[in-house]
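Throughout, protein chains are lettered first and strands after them, A, B, ... in sequence-line order, and every chain is numbered starting at 1. Computation of the quantities below employed the complete heavy-atom set of this structure, encompassing side-chain atoms and omitting hydrogens, waters and symmetry-equivalent molecules.
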Protein chains: 2
Amino acid sequence: MTEPIPAPPWQTPKKPPPRQPLSQDLIVQVALRILDAEGLDALSMRRLAQELETGPASLYAHVANKDELLDLVYDTVLSEVEIPVPDPDRWPEQVKEYLRSLRTVFRSHRDLARVSISRIPLGPNGVVGMERTMALMRAGGLPDDIAAYAGDLLASFVTTETLDDAFPAGGTDPATPRAYAAQIRSYLTSLPVDRFPNLVHMAGPITSLDSERRFELGMEIIVRGLSTYARPAGQDSSAGSG
Amino acid sequence: MTEPIPAPPWQTPKKPPPRQPLSQDLIVQVALRILDAEGLDALSMRRLAQELETGPASLYAHVANKDELLDLVYDTVLSEVEIPVPDPDRWPEQVKEYLRSLRTVFRSHRDLARVSISRIPLGPNGVVGMERTMALMRAGGLPDDIAAYAGDLLASFVTTETLDDAFPAGGTDPATPRAYAAQIRSYLTSLPVDRFPNLVHMAGPITSLDSERRFELGMEIIVRGLSTYARPAGQDSSAGSG
DNA sequence: TTGCTGTTAGAACAGTGTTCGTTGGTAGAA
DNA sequence: TTCTACCAACGAACACTGTTCTAACAGCAA
């Protein structure tokens, strides 16, 4: 192997980029990697460009702006959500399976909940997810307007419930949130009992629920509420379910 | 009235600030005014300092950082929320009254929902609000752990439901969100029916609910779900309710 | 008067998203 | 083959952001 001859100095040393050429897919993929590893605050256009061995301006040829980039990242991740094919006999369980899958995905990508806020998933994966979600909602015998809103309500629920679970992927030590809970608990119990009887009394229940039990409880509450709107099984108002 | 004599130029024209002296209260008050008028994105430390006729560095003598400032703004606004004194006979109605008040406050201060995200209201007004909320929850006969979580769940619900109602205070024209809804609706109906039967069928219901009806519906769903946990009235587990 | 403490503020730091203007390579037309 | 569009690439810069450093200053206790 002979060393490549150094370019003569009077000839501008134009280095043809030997790296993988830029593309929207590649940009989105690397952005997601940064998000997972270091969180949303670390995901700047400069940081992303650096990871791709280019300048920030180059990204704008493939992505309109950062907001669109986050749209794309969000949609990409939505492909990981598993939504059961409806089986009316198992409706409440299936809704919960869907929500648990959504939660798992949201928790396995750092800050994804923050990214998802006020973003309507209309990308290719998002639309497929919506279709399946609507199928599932309708399988429960919910009237159309209730079913439509239920999809939003449930997704919002998962978002807010995972917002503060800032764990990076994998089981991190549960010490930090627990210490924070203990701090709040001691604050609540330190309040004057005469003015805050309920807070003092409830300091325990307020701070003792961990993320997973909160989630399971919230799910159960909403599903029970939705069930009260279900018509008796049988009369379906057309439109297939797959 | 004699004009004040201009300071001689060889004497450094030190202008003693004739304006209202800085204080945390004043800073928070002006910050809230900017938030209401121009939204969260317009609320920068420089903008705030300018409004107070000073430099951004001066603010940091009264406020640790922007995050603490937003904590203070949030707590200030929470004083406007009206929480009914519990009357067990009217429990579901009272919960709704509380939530409607919360919604009104969130909507009457631009971007307040965004500010409130992942902020636990532990300021003076926030704690009083929590106390009253807990009193209300317990009056419904909910077990302690359910009552504790219900407070969070309901507040989160109002937050997410008001996140996109970016109306400035007062009844603004409802044209913008309605146009956006129409846009989404036409997109959904344009999808291929064979692959998206449910989305096409549901395009109407999905896009026809306005903010208020969504809110009323969501409230009803959650309250119904919570009611299923209520113990039969009578056995209270101590601790006063005011 | 002398310190001292805490407020005021200009300047600056390190970062942000985005745009401008210029390159350079290449695909298509002549 | 030659010329010409076109467009990705990208250094530099713009207008910001939150925050800190530093020095000067005011009010007040000793």
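Following rounding to the nearest Å, Leu48(A) (CG) and dT16(C) (P) show an atom-to-atom distance of 11 Å. For the pair Arg47(A) CZ and dG17(C) P, the computed distance is 12 Å after rounding to whole Å. Taking atom CD on Gln50(B) and atom P on dG18(D), their separation rounds to 13 Å, with Å as the unit. Rounding to whole angstrom units, CG of residue Leu52(A) and P of dC10(D) are separated by 10 Å. Rounded to whole Å, the distance from CG on Leu59(B) to P on dC21(D) is 17 Å. If you take OH of Tyr60(B) and C1' of dT22(D), they are 17 Å apart, rounded to a whole angstrom. The separation between Ile27(A) atom CD1 and dG17(C) atom P is 14 Å, rounded to whole Å. The nearest whole Å value for the distance from the CE atom in Met45(B) to the C1' atom in dT17(D) is 11 Å.
Using a 4.0 Å cut-off between a side-chain N of Lys or Arg and a carboxylate O of Asp or Glu, Asp67(A) and Arg119(A) qualify as a salt bridge. One finds a salt bridge joining Arg114(B) and Asp41(B) here, because a Lys/Arg side-chain nitrogen approaches an Asp/Glu carboxylate oxygen to under 4.0 Å.
Distances shorter than 4.0 Å separate some side-chain N or O of Ser44(A) from OP1 or OP2 on dT16(C). Look at Thr54(A) and you'll find a side-chain N or O under 4.0 angstrom from OP1 or OP2 of dC10(D).
Looking at residues 62-77 of chain B, you'll see His62(B) sit with a heavy atom under 4.0 Å from some atom of DNA chain C.
Distance from the side chain of Pro56(B) is smallest for dT19(D) among the nucleotides dT16(C), dT19(D), dA9(D). The side chain of Ala61(A) approaches dA8(D) more closely than any other nucleotide in the set dT18(C), dA8(D), dC10(D). Nearest nucleotide to the side chain of Ser58(A), out of dT19(D), dC10(D), dT16(C): dC10(D). Side-chain proximity of Ala57(A) to dG11(D), dA11(C), dT19(D): nearest is dG11(D).
Side-chain atoms of Glu131(A) come within 3.5 Å of backbone N or O of Asn198(B) as a donor-acceptor pair. Formation of a donor-acceptor pair under 3.5 Å by the Asp75(B) side chain with backbone atoms of Gly126(B) is found in this model. A donor-acceptor pair under 3.5 Å is formed between the side chain of Asn65(B) and the backbone N or O of Glu68(B).
Cation-pi geometry between Arg103(A) and Phe215(A) is met: the NZ or CZ atom falls under 6.0 Å from the ring centre, inside 45° of the normal.
Arg46(A) contributes a side-chain N or O that forms a donor-acceptor pair with the base of dG17(C) under 3.5 Å.
Arg213(B) meets the side-chain hydrogen bond (donor to acceptor under 3.5 Å, both in side chains) test with no other residue; sequence neighbours excluded.
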